[in-house]
Amino acid sequence: MDVVVLQSLEPLIEALTSSGYTVVGPRVEDGAIRMAEISSGADLPAGVGDVQKPGRYRLTSGDDGMVFGFAASPDSAKRYTQPPRQTLVRVRDEAIEEVEQEAPRVALLGLRACDLAAVAVQDRVFAGGRHPDPAYLRRREALFLVAVNCAVPGGTCFCVSMGTGPKAVAGFDLAITELASPHRFLVETGSERGGEIVALIPHHPATSVDIDAAEEVSRTAASRMGRQVDTDGIQEWLPAAHDSPRWADVASRCLSCTNCTMVCPTCFCSTVEDVTDLTGQVTERSERWDSCFTLDFSEVSGSHVRSSGLARYRQWLTHKFATWYDQFGTSGCVGCGRCITWCPTGIDVTEELACIR
Amino acid sequence: MTHKTVRLGGLSRVEGEAALLVRAHDGRITDLQLNIYEPPRFFEALLRGRSYDEPPDITARICGICPVAYQMSACQAIEAACGVDVSGPLRDLRLLLYYGEWIESHTLHVFLLHAPDFLGYDSGMAMAVHHRDHMERALALKKAGNELVATLGGRAIHPVNVRLGGFYRVPRRQELAPLAEQLRRAREHAITTAAWVAGFDFPDVQHDYRFLALRHPDEYAILSGTPTVSEGSTFPVQQWPAHVVEEQVPYSTAVHARLDGAGGYLVGALARYAINFDRLSPLARAVARDAGLEDVCRNPFQSIVVRAVEIVHACDEALRVIDAYTEPDTPAVPVEPVAGTGHGASEAPRGTLYHRYRIDENGLIADADIVPPTAQNQARIEMDLHELIAPRLDLPQAELARLCERAVRNHDPCISCSAHFLDLNIDAR
Amino acid sequence: MHPMTPAPFRVRSRRPVRADTVSLTLEPVEGPCPPFLPGQFTMIYARGVGEIPISISGRTRAGGYLQTIRAVGAVSRALCHARRGDLVGVRGPYGTAWDVPAAAGMDVVVAAGGLGLAALRPVVRELVAHRSRYGRISLIVGTRAPMTLLYPRDLARWSHAGIDVQVTVDHPDHAWQGPVGLVTRLVDRIVFEPRRTAAFVCGPEAMMCAVADDLVRRGVPAARIVLSLERNMKCGVGRCGHCQLGPLLLCLDGPVVSYERAARLLAVKEL
Amino acid sequence: MSAAEKSRPKLAVWKFASCDGCQLTLLDCEDELLPLASTVEIAYFLEASSAIGPGPYDLSLVEGSITTPQDAERIRHVRRVSRRLVTIGACATAGGIQALRDFADVREFAAVVYARPDYIATLERSKPISAHVPVDFELRGCPIDKRQLLEVITAFLAGRRPVVPGHSVCVECKARGNICVLVAHGTPCLGPVTQAGCGALCPAFNRGCYGCFGPTETPNTRALNAQLRRLGMSDPDLVRVYRTFNATEEPFLQASEEAEGDA
Ligand SMILES: Cc1cc2nc3c(=O)[nH]c(=O)nc-3n(C[C@H](O)[C@H](O)[C@H](O)COP(=O)(O)OP(=O)(O)OC[C@H]3O[C@@H](n4cnc5c(N)ncnc54)[C@H](O)[C@@H]3O)c2cc1C
Ligand code: SF4
Ligand code: SF4
Ligand code: SF4
């Protein structure tokens with residue numbers, strides 16, 4: 001694996017752009033660091049950080065000039081791997097046409113190790129089983145993944161517990177570690193096309209000083225993890241705890257609002273809807289994000305299997321941390337902490353799991 | 001036959017519900033009542049005790065056709081009470097939003113409600129069958145107006161983005177670019193429309209109107225201005241209550257407004273046009289001339305032409321605002337509650353809309369007064385009808401009825417402004 | 001092809017089987033009909049209305065699917081109203097199957113509640129086709145009323161083929177001479193050697209659990225009692241997440257599941 | 001009239017106490033209006049047409065709440081002449097803003113607004129249509145959403161369940177890619193207890209949802225209130241925020257009463 005050092009990200013962004021990628025990276029918008037289209041290094045959030053707590057997210061500003069000095073963005077790769085809505089088929093008169101789904105060439109700049117782990121989880125869901133989704137595969141193929149190794153984990157992260165971070169080890173085209181004094185970027189190449197991009201831009205090989213500094217960044221990050229989960233035997237004990245009194249307790253605080261599932265980078269549940277035009281001649285079927293927190297999700301024979309908020313919260317947490325193994329061979333949780341930060345009432349899965357255990 | 005009764009139940013193509021009763025005896029009108037049976041919704045009462053920042057959202061719900069007008073009059077009244085003046089780009093954005101509503105509302109009236117009268121159709125939809133091109137133009141125009149409101153306000157009806165002091169979020173310059181494209185086409189449509197409606201066959205009627213409209217030093221007043229009467233008098237909006245008095249008509253159910261002691265004045269398109277002709281954009285003025293309008297128009301049937309001219313003006317000015325737009329630093333200036341009273345008036349598509357609020361020391365609304373345009377016009381519409389029918393009582397009943405209905409629609413009465421409209425028990429003899 | 005794209009099928013015939021239920025035969029517009037195993041289902045799409053899981057009840061001579069649908073909501077109603085020649089979409093077959101051959105040499109109990117017989121029909125046909133391979137075969141059927149009984153002609157034929165067919169109804173009419181009440185009451189009336197019995201059960205969840213519990217009580221191993229479970233399904237291919245029952249994705253790991261696995265899961269309220 | 005025209009389903013639009021905004025939504029469907037007019041016969045729509053086609057109507061859209069004895073009569077007539085009756089907008093589904101009278105003395109309300117309140121014939125309460133007659137479907141919103149209106153009409157034409165989910169605004173908020181104003185800005189937002197349908201408009205404009213689509217299928221207002229208090233809302237603020245356009249919807253009513261009780 002090639003390891004090089006860049007003085008600035010500007011040439012990288014240019015190389016990606018000129019190779020036909022739309023570059024999507026961190027950028028301050030509406031009081032948060034979003035993953036949005038960027039056109040130059042100046043769009044990156046220099047000196048901006050974040051404070052994340054259960055149910056709370058605020059930006060901070062400093063003058064260290066670091067452009068990746070923040071933790072998980074509210075946005076993950078999911079919007080690109082599994083768009084919120086996609087039209088599947090169009091039925092016109094007697095013909096059922098498959099709708100060609102878009103696979104935009106996008107370079108996601110700034111994904112974290114947990115995000116890469118999440119992409120791998122989604123790969124298993126959409127491409128790994130008996131019914132692989134060719135559109136998913138095309139979308140994935142069109143994504144260029146530039147990871148950034150976390151320097152400052154957020155207050156709600158627990159990737160170390162989940163074994164997914166903070167250092168990106170696989171699944172990226174390029175992985176960046178931002179280094180200070182002097183400000184520079186260590187870049188590891190993870191794929192052939194990653195190497196092709198690096199070849200386009202001015203760089204010099206990394207020295208052992210650079211590499212040690214990068215190691216240190218990941219080591220420090222790992223030691224500053226905000227939270228943790230004891231995953232030992234979780235696949236057994238969590239489903240077995242279906243009658244824990246804690247479920248009622250958390251249900252009293254849970255809004256069934258779906259935010260945790262929507263921000264989760266692995267949650268893949270969807271529903272399918274038909275839309276007809278006024279003449280009834282053309283029908284479109286589309287798939288959109290759904291959540292196990294909605295009532296319709298479990299509707300059978302006029303009633304809802306999970307009509308209580310308790311059952312819906314239990315389903316979510318149990319699926320994410322335990323039964324996901326049964327279905328897909330891995331945990332559904334990658335420890336990014338988004339569900340904790342973006343839960344409006346600040347429900348903390350790590351705390352709930354500790355109490356249930 | 002000496003007795004004649006014209007009864008129009010369920011006036012159509014007006015926003016809201018109204019009915020008209022006319023009785024004549026020996027060639028003289030003995031009774032004429034325009035009845036509005038919109039059930040009262042008590043806005044002024046339910047506003048009491050609400051927070052000072054709520055009236056823009058609440059009063060928008062008075063009328064789904066001109067919610068922006070309610071939001072603007074409410075904001076300005078409360079800002080006045082709190083000593084805040086919204087100016088610069090934020091005021092421009094308000095104007096832009098308001099132009100959107102004007103385009104949308106006027107287009108609705110011109111094409112879907114009013115034009116069918118001249119061409120002999122029951123509805124715009126029926127008219128569309130034979131005048132598809134006009135209807136498509138109408139829909140494009142209306143859409144341009146709606147999209148302007150939706151882009152700035154979030155949605156075309158009851159926009160969510162308006163707040164005291166400005167907005168919750170202001171658009172980026174590039175968000176407005178596609179609107180400008182659409183508005184340029186809309187402006188062409190509006191010019192075509194003015195020429196088209198100018199060619200309609202107008203009954204030869206002239207009324208001796210006394211007009212009331214806002215007047216602004218540099219603008220064809222929409223968002224703000226000084227109440228001005230056609231004979232030349234003006235008064236600051238804070239003195240509105242001293243000049244405009246509303247009375248519940250004895251033994252009737254309607255509220256009639258009196259201006260400086262006299263009833264039956266007119267607000268709306270004709271009034272604005274008469275008072276502010278010189279403030280129309282040069283293009284709009286030229287279009288008015290081409291359409292054969294003088295500086296003052298006293299034929300209510302021709303109000304359709306005036307509205308078309310106002311659409312041209314709104315498109316033209318909206319483009320000017322978009323062109324000059326610079327993103328403000330903050331989406332809103334802070335407005336802290338101050339105990340006191342504030343007045344605000346703006347030109348709703350149907351005419352001057354006045355709001356007054358008294359805010360108490362807890363920042364709650366102590367009382368509210370809202371004078372919508374249709375309430376002000378009601379007496380004048382009855383006078384129009386009187387003058388129109390008196391010499392035509394020998395027309396066949398059906399024709400007379402149609403004429404009456406048209407005379408009411410001339411004024412685009414928005415009956416949903418139910419702040420004041422009353423329930424009527426029609427004498428069903 | 002995308003796993004969510006339905007293949008065009010045509011309704012070849014439509015036969016009302018009761019007031020609210022019809023049997024459709026569906027044939028692909030092009031090519032052969034994919035093979036299916038007893039217990040598998042397809043996702044049937046009614047244009048402009050929606051798509052629902054429906055068990056395959058049999059194969060037509062022309063190679064199409066026989067599917068029996070009860071109108072309970074918008075999609076099923078639209079399918080029940082489909083006319084001969086109409087176009088529908090079909091995906092599948094999907095899901096796990098009843099392993100009928102594995103019951104060779106054993107007594108077999110087939111228990112159906114209501115529409116459950118639609119899913120079990122291929123099981124019984126397979127048993128009948130290879131009657132000699134099995135021991136005693138009993139088919140117990142519970143239905144609301146004599147009029148709502150599915151496939152009466154099949155039942156008669158099966159009875160002739162050496163199967164003990166017993167039917168109970170909830171609401172008898174005056175002509176009804178048979179038993180009244182829940183299917184569970186029939187479990188006591190049939191003869192089988194519990195330790196050497198396989199059971200195939202389909203019907204409302206409560207009915208299945210009651211029958212399975214009875215069989216277990218009579219000594220049938222839970223691993224050999226196999227149910228067909230129902231959950232909301234939007235995709236049938238393990239990507240929509242709706243059909244989860246604990247660790248199971250019922251469209252992939254089900255709908256046919258042994259009672260040994262299912263009992264624990266079904267015992268948890270609102271799982 | 002051709003045979004095809006004769007068989008077009010008949011649509012009627014009725015108005016009760018309201019602002020006209022929801023029926024205007026139909027006229028605001030600029031791109032769909034002409035196709036709609038050729039698919040259905042718009043047989044009764046006073047706001048748009050003088051033509052009054054005879055009933056019965058296949059689909060009636062009813063706007064507005066019932067606030068007068070005459071309207072209570074009239075809605076029974078509308079029900080009789082309508083095969084399907086769909087109520088549109090918060091007035092029709094929940095009594096609307098005018099239902100704030102339910103929390104006060106309507107006589108006193110009348111006296112505030114009118115010099116001669118004795119001329120006013122009004123009911124004590126502003127009730128949703130469903131309180132007077134059976135309703136086939138309720139489309140929420142103040143005002144309703146245009147796409148949802150078209151969905152309801154096309155769904156009725158196609159015979160499917162309208163795709164009008166009862167889940168929270170948050171679902172649409174996240175799908176749209178808004179930043180959560182509650183978490184990131186500390187702005188009070190009713191999105192978690194409000195039914196989706198608007199496309200999460202307010203958060204898209206950096207504003208908290210104010211609940212104009214009424215409560216979700218399973219709102220946990222108690223949990224949200226606890227959080228809103230932490231964000232600095234007072235009990236009177238909470239009472240007001242639930243008492244706007246859907247004040248008498250049971251979950252919102254309870255939420256406001258709970259806050260009132262604590263106040
Ligand atoms: C594996 C399997 C096999 C089935 N086999 C048959 C069969 O052979 N014949 C038959 O008539 N029915 C069968 N069903 C049930 C059938 O799928 C539902 O009756 C149907 O989905 C109802 O849809 P609807 O649109 O008509 O009703 P809706 O209007 O959607 O609602 C009617 C009720 O059906 C339930 N429902 C809706 N969607 C689903 C869904 N995707 N899965 C399960 N329940 C749902 C809801 O609870 C709803 O209350 C089977 C279900 C499954 C899971
Ligand atoms: S856990 Fe939090 S984010 Fe998830 S549904 Fe409950 S309240 Fe919403
Ligand atoms: S902004 Fe409001 S609606 Fe959007 S996710 Fe947050 S709480 Fe939900
Ligand atoms: S976000 Fe809430 S208040 Fe705003 S439009 Fe949607 S439902 Fe209405």
Side-chain angles (χ1 to χ4, degrees), chain A residues 29-36 50 52-59 74-75 79 83-85 251-263 271-281 283 286 288-291 293-297 304 307-309 312 341-347, chain D residues 29 31-40 147 150-151 153-155 157-161 163 165-187 189 191-194 196 203-206 216-224 226-228 230-231:
Chain A
E29 252 174 33
D30 294 329
I33 296 171
R34 307 301 306 269
M35 287 292 276
D50 55 19
Q52 300 195 30
K53 291 189 184 142
R56 191 182 158 90
Y57 177 103
R58 291 292 183 279
L59 292 182
D75 307 309
R79 190 169 292 277
R85 176 180 288 274
S252 75
R253 288 169 280 132
C254 172
L255 302 162
S256 285
C257 66
T258 79
N259 271 302
C260 48
T261 54
M262 297 283 135
V263 292
T271 189
V272 186
E273 295 172 348
D274 269 54
V275 176
T276 35
D277 73 346
L278 277 167
T279 61
Q281 295 307 300
T283 300
S286 44
R288 68 155 172 87
W289 288 358
D290 198 0
S291 164
F293 281 96
T294 72
L295 213 46
D296 290 354
F297 192 82
H304 305 97
S307 56
S308 69
R312 282 176 271 159
T341 302
W342 298 99
C343 170
T345 62
I347 294 172
Chain D
C29 297
D31 296 334
E32 297 85 5
L33 196 58
L34 296 178
L36 178 70
S38 56
T39 308
V40 302
R147 284 163 308 130
L150 286 169
E151 166 58 16
I153 294 174
T154 49
L157 293 175
R160 79 162 172 269
R161 285 207 282 192
V163 181
H167 57 56
S168 70
V169 172
C170 301
V171 176
E172 290 185 330
C173 196
K174 283 289 183 287
R176 182 171 179 154
N178 293 339
I179 199 72
C180 176
V181 299
L182 191 149
V183 170
H185 306 167
T187 303
C189 180
V193 296
T194 299
F205 283 83
N206 281 340
T216 54
E217 53 201 9
T218 56
N220 187 348
T221 52
R222 201 173 272 276
L224 182 65
Q227 187 66 12
L228 296 178
R230 259 172 261 144
L231 293 176

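Letters go in sequence order (proteins before strands), and every chain restarts at 1.
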Among the options [options], pick out the one with the most heavy-atom pairs lying under 4.5 Å from chain D.
options	value
A:Thr258, A:Asp75, A:Leu255	A:Leu255
A:Val275, A:Asp296, A:Asp274	A:Asp274
A:Arg56, A:Arg34, A:Lys53, A:Glu29	A:Arg34
A:Phe297, A:Trp342, A:Phe293	A:Trp342
A:Arg58, A:Gln52, A:Met262	A:Arg58

Side chain, backbone, both or neither of [X] within contact of chain D (heavy atoms, under 4.5 Å):
X	result
A:Ser291	neither
A:Arg85	neither
A:Pro344	both

When you measure from the side chain of [X] to the backbone N and O of [Y], does any donor-acceptor pair fall under 3.5 Å?
X	Y	result
D:Glu172	D:Ala196	no
A:Ser256	A:Gly309	no
A:Asp277	A:Gln281	yes

Exercise: identify the closest heavy-atom pair between D:Glu151 and D:Val163
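What the structure gives for the nearest pair is OE2-N, 2.8 Å.
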Which pair of heavy atoms, one from D:Ala175 and one from A:Arg79, lies closest together, and at what distance?
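Of all heavy-atom pairs spanning D:Ala175 and A:Arg79, the closest is O-NH1, 3.0 Å.
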Among [options], which residue has the highest count of heavy-atom pairs closer than 4.5 Å to chain A?
options	answer
D:Thr216, D:Asn178, D:Val193	D:Asn178
D:Gly191, D:Gly177, D:Ala158	D:Gly177
D:Thr221, D:Ile179, D:Asn206, D:Thr154	D:Ile179

